[in-house]
Amino acid sequence: MKSSVLTRYRAMAYITAVMLLVLCACMVFKYGFGMGKDLTLVVAQVHGVLYIIYLVFAFDLGSKARWPFGKLLWVLVSGTIPTAAFFVERKVLREVEPLLADAKPDLAKV
C-alpha cells in the first residue's frame with residue numbers, strides 16, 4: 001500500500017471533521033438565533049460533497065488495509081459525528097503506519 005492512500009484519507013478526515021463542526025455552528029445560529037439560513041445551506045452542501053470524497057478515500061484505505069466490515073463502517077460513519085473523525089483518524093494512523101513500513105522495499109546495498 002502506498003503512503004499516499006493514507007495521506008489522502010487523513011486530509012479528507014480533517015477537512016470533513018472541520019466542515020462538520022462549522023456546519024454544527026451554522027445550525028446553532030440558524031435554529032437558535034434565526035440567522036444565517038443561506039450560509040447554512042452552502043456549508044451543508046459543501047460538507048456533503050466533501051463527505052462523499054471522504055467516503056471514497058476511506059473505503060479505498062479500508063479495502064487496501066483489509067479491514068473487516070464493522071471497522072470500515074465505523075470509519076465511514078465517523079465523518080457524520082462531530083469530532084469523531086479526529087479520534088478515528090489518529091487510531092487509523094497508528095494502525096496503518098506499520099503496514100506502510102512493511103510494504104517499503106529494502107534498498108539495495110552498494
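Bear in mind the structure is a predicted one, so any value in this text is a computation, not a measurement. What's counted below: heavy atoms across the whole structure, side chains too, no hydrogens, waters or symmetry copies. In this chain, residues are counted from 1 in sequence order.
- Of all non-hydrogen atoms in C26 and V43, the two that sit nearest each other are SG-CG2, 3.9 Å.
- Alongside I52, the hydrophobic cluster contains no other residue (criterion: ILVMFWY side chains under 4.5 Å).
- Under the 4.5 Å side-chain contact rule for hydrophobic residues, L39 and L41 do not share a cluster.
- For the ring pair (Phe, Tyr, Trp, His ring centres under 6.0 Å) condition, the pairs that include at least one residue of residues 62-90, sequence neighbours left out, are Y14-F86.
- Residues meeting the side-chain contact (heavy atoms from CB on, under 4.5 Å) test with R66, sequence neighbours left out: none.
- For the atom pair H47 NE2 and L21 CG, the distance stands at 9.5 Å (nearest 0.5 Å).
- When all heavy atoms of A13 and A85 are compared, the pair lying nearest together is O-CB, 3.9 Å.
- With sequence neighbours excluded, the residues forming a side-chain contact (heavy atoms from CB on, under 4.5 Å) with E97 are L6, L93, listed by chain and number.
- Among all heavy-atom pairs drawn from L99 and A65, the shortest one is CD1-CB, 4.0 Å.
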With a cut-off of 3.5 Å and sequence neighbours excluded, list every side-chain donor-acceptor pair involving residues 27-38.
none

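- Atoms CD and CE, on E89 and M12 in that order, are 12.5 Å from each other to the nearest 0.5 Å.
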For residues 54-62, which side-chain N or O atoms pair as donor and acceptor with protein atoms under 3.5 Å away, sequence neighbours left out?
residue : atom : partner : partner atom : Å
Y54     : OH   : V75     : O            : 2.7
Y54     : OH   : S78     : OG           : 3.0
D60     : OD1  : K64     : NZ           : 3.2
D60     : OD2  : R8      : NH2          : 2.6

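- Residues T16 and Y51 come closest through the heavy atom pair CG2-CD1, 4.0 Å.
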